[in-house]
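These notes concern the structure reproduced below.
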Amino acid sequence: MDARSLRGLAHPLRMRILDLLALDGADTATGLGRRLGENTGTVSWHLRHLADHGFIEEETGRGTRRERWWRAVRVARRLDTNDFRDDPDSQGALAVYLHETVHRDFGQVTTYLAEEWGAEWRDAGTLSRWQDLRLTPDQLAALNAELEAVVVRHREAAARDGAAGDGAAGDGAAPGAEEARPVIVQLQSFPRRERDGR
């Protein structure tokens, strides 16, 4: 993600809109406004802004001239915060983006904890924390790369299973497809400062 894209996205409401479109699929300004408790006109303005920066696109052939449907553009974007730390023009946008990202992740975890799930889903989910690692920067980067590779491997396997189910004989669903649910994986790994004298 470049500086222009970061500044285009770094707004609390725009980030929430993009998140809803990415997680739940296409929607209209009216539908998003209702879900977010926002005025439709305000949501429409932010939708156009997101579209101008390439984060979303109109779903053509759906809706009317007055009721446009929008969907998230499925493109892998990576933000390396180091690219912006020395750019004074991007400091405000970077701070907003990071704050909103952490706030969103926290909100998703607390929502999950407050919801009722069957035992099979409660037992499958986890909130884990390990605090007894001592790593160098290279070791921490390697740990993160390994964990990302595991997530990517599972995502690709799920996509293959879904594609195989589309053309499979029988009911057209891959084995276990009816049990599948959207899953969010959050990984937070960072160094901490030790107390003085240790």
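Atom CG in Leu50 sits 8.0 Å away from atom CG in Leu21 (nearest 0.5 Å). How far CG of Leu47 is from OG1 of Thr28: 9.0 Å, rounded to the nearest 0.5 Å. The CH2 atom of Trp121 sits 6.5 Å away from atom CZ of Arg181, with the distance rounded to the nearest 0.5 Å. Note that the CG atom of Asp27 and the CD1 atom of Ile56 stand 11.0 Å from one another [nearest 0.5 Å]. With rounding to the nearest 0.5 angstrom, the CG atom of Leu98 is 7.0 Å from the CG atom of Leu79.
At a threshold of 4.5 Å between side-chain heavy atoms, the hydrophobic network of Ile, Leu, Val, Met, Phe, Trp and Tyr places Phe55 and Trp69 in two separate groups. In the hydrophobic clustering of ILVMFWY residues, with side-chain heavy atoms under 4.5 Å counting as a link, Leu133 and Leu147 come out together.
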### Message
Leu23 vs Gln108, test: side-chain contact (heavy atoms from CB on, under 4.5 Å). Steps then yes/no.
### Response
CA-CA 12 Å; Leu23 290 173; Gln108 289 171 337; 3.9 Å; yes

### Query
Is there a side-chain contact (heavy atoms from CB on, under 4.5 Å) between Val96 and His99 once you walk through the steps?
CA-CA 5 Å; Val96 169; His99 177 270; 5.8 Å; no

### Task
Test Val151 against His154 for side-chain contact (heavy atoms from CB on, under 4.5 Å), laying out the working first.
CA-CA 5 Å; Val151 173; His154 282 269; 6.0 Å; no

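By the side-chain hydrogen bond (donor to acceptor under 3.5 Å, both in side chains) test, Glu58 pairs with Arg68, sequence neighbours left out. The ring pair (Phe, Tyr, Trp, His ring centres under 6.0 Å) test applied to His49 returns Trp45, His53, not counting sequence neighbours. Judged as a side chain to side chain contact (heavy atoms under 4.5 Å, CB included), and not counting sequence neighbours, the contacts of Val109 are Leu113, Leu127, Gln186. Under the rule for a side-chain hydrogen bond (donor to acceptor under 3.5 Å, both in side chains), Thr110 has no partner lying at least two apart in sequence or in another chain. With sequence neighbours excluded, no residue forms a side-chain hydrogen bond (donor to acceptor under 3.5 Å, both in side chains) with Thr111. Residues satisfying the salt bridge (charged side-chain N to carboxylate O under 4.0 Å, His left out) criterion with Arg155, sequence neighbours excluded, are absent altogether. The salt bridge (charged side-chain N to carboxylate O under 4.0 Å, His left out) check on Asp87 picks up nothing, with sequence neighbours excluded. Contacts of Asp24 classified as side-chain hydrogen bond (donor to acceptor under 3.5 Å, both in side chains), with partners at least two apart in sequence or in another chain: Arg35.
Annotation: side chain to side chain donor-acceptor pair (under 3.5 Å) contacts involving residues 129-138, sequence neighbours excluded, comprise Arg129-Gln131, Arg134-Glu194, Thr136-Gln139. Residue pairs meeting the side chain to side chain donor-acceptor pair (under 3.5 Å) criterion with at least one member in residues 141-150, sequence neighbours excluded, are Arg78-Glu148, Asn144-Ser189.
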Report all side-chain donor-acceptor pairs from residues 1-20 shorter than 3.5 Å, counting only partners two or more places apart or in another chain.
{"residue": "Asp2", "atom": "OD1", "partner": "Arg4", "partner atom": "N", "Å": "3.4"}
{"residue": "Asp2", "atom": "OD1", "partner": "Ser5", "partner atom": "N", "Å": "2.8"}
{"residue": "Asp2", "atom": "OD1", "partner": "Ser5", "partner atom": "OG", "Å": "2.9"}
{"residue": "Arg7", "atom": "NH1", "partner": "Ser90", "partner atom": "OG", "Å": "3.3"}
{"residue": "His11", "atom": "ND1", "partner": "Leu13", "partner atom": "N", "Å": "3.1"}
{"residue": "Arg14", "atom": "NE", "partner": "Gly8", "partner atom": "O", "Å": "2.7"}
{"residue": "Arg14", "atom": "NH1", "partner": "His46", "partner atom": "ND1", "Å": "3.0"}

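At most 12 non-hydrogen atoms from other residues, nucleotides or ligands lie less than 6.0 angstrom from CG of Asp86. Under a cut-off of 6.0 angstrom, the local environment of CZ in Phe106 is sparse, with at most 12 non-hydrogen atoms contributed by other residues, nucleotides or ligands.
Across every non-hydrogen atom of Ala26 and Arg71, the tightest pair is CB-CB, 4.0 Å.
Between the side chains of Thr126 and Ser128, a donor-acceptor pair is found at a separation under 3.5 Å. Counting only N and O atoms by type, the side chains of Glu115 and Trp117 include a donor and acceptor under 3.5 Å apart.
Ser44 contributes a side-chain N or O that, together with a main-chain N or O of Thr40, makes up a donor-acceptor pair within less than 3.5 Å.
By the 4.5 Å side-chain criterion applied to Ile, Leu, Val, Met, Phe, Trp and Tyr, Val75 is assigned to a cluster that also includes Val73.
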